[in-house]
Amino acid sequence: MNNQDYIQKGQEVILNTYARFPIAPVKGKGTHLWDADGKEYLDFLSGIAVCSLGHAPDALIPVLKEQAETLWHASNLYWLPKQVELAEKLVRLSGLSKAFFCNSGAEANEGAMKLARKYFYRKGEPERYEIIVFNHSFHGRTLGALAATMQPKYQTGYGPLPEGWLAADYNDLDSVRRLISSHTAAIMLEPIQGEGGIYPGTPEFMAGIQKLCDDNGLLLILDEVQCGMGRSGKFFAFKNYDLKPDIVTMAKALAGGMPIGAMVVSERAAAGFQPGDHASTFGGNPLVTAVACKNVEIISDETFLAQVNARSAQLMAGLRALNDPRLTEVRGMGLMIGVAFTEEVRPLVQLCMENGLLVGSAGGNVLRLVPPLNITAEEADAALDIIKTALAAWK
Ligand SMILES: *Cc1c(COP(=O)(O)O)cnc(C)c1O
């Protein structure tokens with residue numbers, strides 16, 4: 001079967017929810033991916049910021065194999081050793097208190113928002129249920145996460161959405177202040193907005209958000225589903241700021257390509273949930289947490305993170321040196337990089353692909369680079385060369 005065979009079959013039997021590019025990946029190793037026609041790509045999208053050690057990483061294969069022969073699933077009716085080990089690591093790295101595991105980013109955010117409501121309910125303040133979120137945010141596709149995702153293109157047609165989410169403007173403290181009332185429970189944001197166009201929060205904005213939370217007794221919820229797990233150059237993106245969050249959600253790269261979601265929460269927020277309040281059948285199962293443990297151990301290493309920052313500097317410098325009148329800004333943090341253009345970048349993404357480089361887009365006009373965190377300097381240069389070629393061909 002070649003690309004065209006899979007595309008044809010797929011169009012027959014797969015629900016039409018994605019504007020897919022016309023290739024069918026069949027094999028990956030490190031930063032390299034091959035499609036069903038045998039064409040090779042340098043993968044600077046890594047499954048949308050998921051495969052942070054590259055494809056089929058040598059460091060994780062033995063762990064996956066060993067766990068596959070030991071125990072896959074037993075349920076959260078019992079204590080699961082690998083889940084406990086992963087929780088210990090995330091608690092230590094975050095400085096927070098307790099972890100909960102699920103299967104995706106949307107599910108992690110649902111859990112975070114449910115916890116915020118239950119926390120105030122248990123405190124005897126059930127009228128505090130509103131969560132302030134931000135325009136251009138992305139928190140996932142389930143109804144609750146969608147209510148928090150302030151982008152019309154995602155919300156349209158799904159009403160009525162659950163109530164209690166208010167939209168402020170990112171990097172605009174006054175817009176947040178205006179929305180705080182006796183009903184406010186939490187402020188929720190991405191330290192670096194991802195799908196919305198790769199916008200890092202400014203240090204002043206983040207400090208102001210922390211102060212608003214402190215002054216008004218609000219929970220601070222950080223969505224690190226995309227920007228966490230080393231992507232920003234630190235294991236947690238919030239460590240680039242002076243922040244004391246109550247809830248931090250994670251997913252995408254946490255297990256290097258195995259499906260997982262998680263949240264770590266502060267001691268006070270943890271009191272919001274009691275047995276029976278929230279659950280997930282697969283959440284944190286032995287197979288995925290075994291892989292996540294090893295992945296987190298590798299990615300949280302300071303020497304590893306120093307390499308992320310070195311590659312970041314190299315790529316940002318190379319991108320800023322591109323001489324194209326349509327290019328307006330290069331922004332981001334670590335290896336979460338957005339290149340803003342004056343027009344829709346989908347044709348550019350397609351041209352990059354044709355020239356052997358996989359990249360993504362964010363917010364329509366922004367080229368998104370989220371390569372594996374362990375790319376080499378040579379791979380970064382090769383990607384820059386292909387982007388140059390694609391730009392020259394982009395009419
Ligand atoms: C991808 C993403 C989500 C949703 O994750 P899913 O696993 O697709 O549900 C939520 N928040 C952010 C910031 C994301 O990038």
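Ligands are counted one by one from 1 in listed order, and the atoms in each one are counted from 1 as well. For this chain, numbers begin at 1 and follow the sequence in order.
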| Do Arg311 and Glu379 sit within salt-bridge range, that is, some charged N less than 4.0 Å from a carboxylate O? |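 Answer for the salt bridge query: no.
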| With a 4.0 Å cut-off, would you call Asp58 and Lys29 a salt bridge? | yes
| task | Check whether more than 12 heavy atoms from other residues, nucleotides or ligands sit under 6.0 Å from atom CG of Asp215, and answer yes or no. | result | yes
| task | For the pair His73 and Phe282, name the ring-plane relationship: parallel under 30°, tilted 30 to 60°, perpendicular over 60°. | result |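 Perpendicular, since the angle between the ring planes exceeds 60°.
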| Measuring from each atom of ligand 1, which residues have a heavy atom under 4.0 Å away? |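 For ligand 1, the residues that come within the 4.0 Å heavy-atom cutoff are Ser104, Gly105, Ala106, Asn109, Phe138, His139, Gly140, Glu190, Asp223, Val225, Gln226, Lys252.
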| query | Who else is in the cluster with Met150 when I, L, V, M, F, W and Y are joined by side-chain contacts under 4.5 Å? | reply | Phe100, Met113, Leu115, Ile131, Val133, Trp165, Met188, Ile221, Ile247, Met263, Val265, Phe273
| Same hydrophobic cluster for Phe341 and Leu315, using side-chain heavy-atom links shorter than 4.5 Å among ILVMFWY? |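 Result: yes, single cluster for both.
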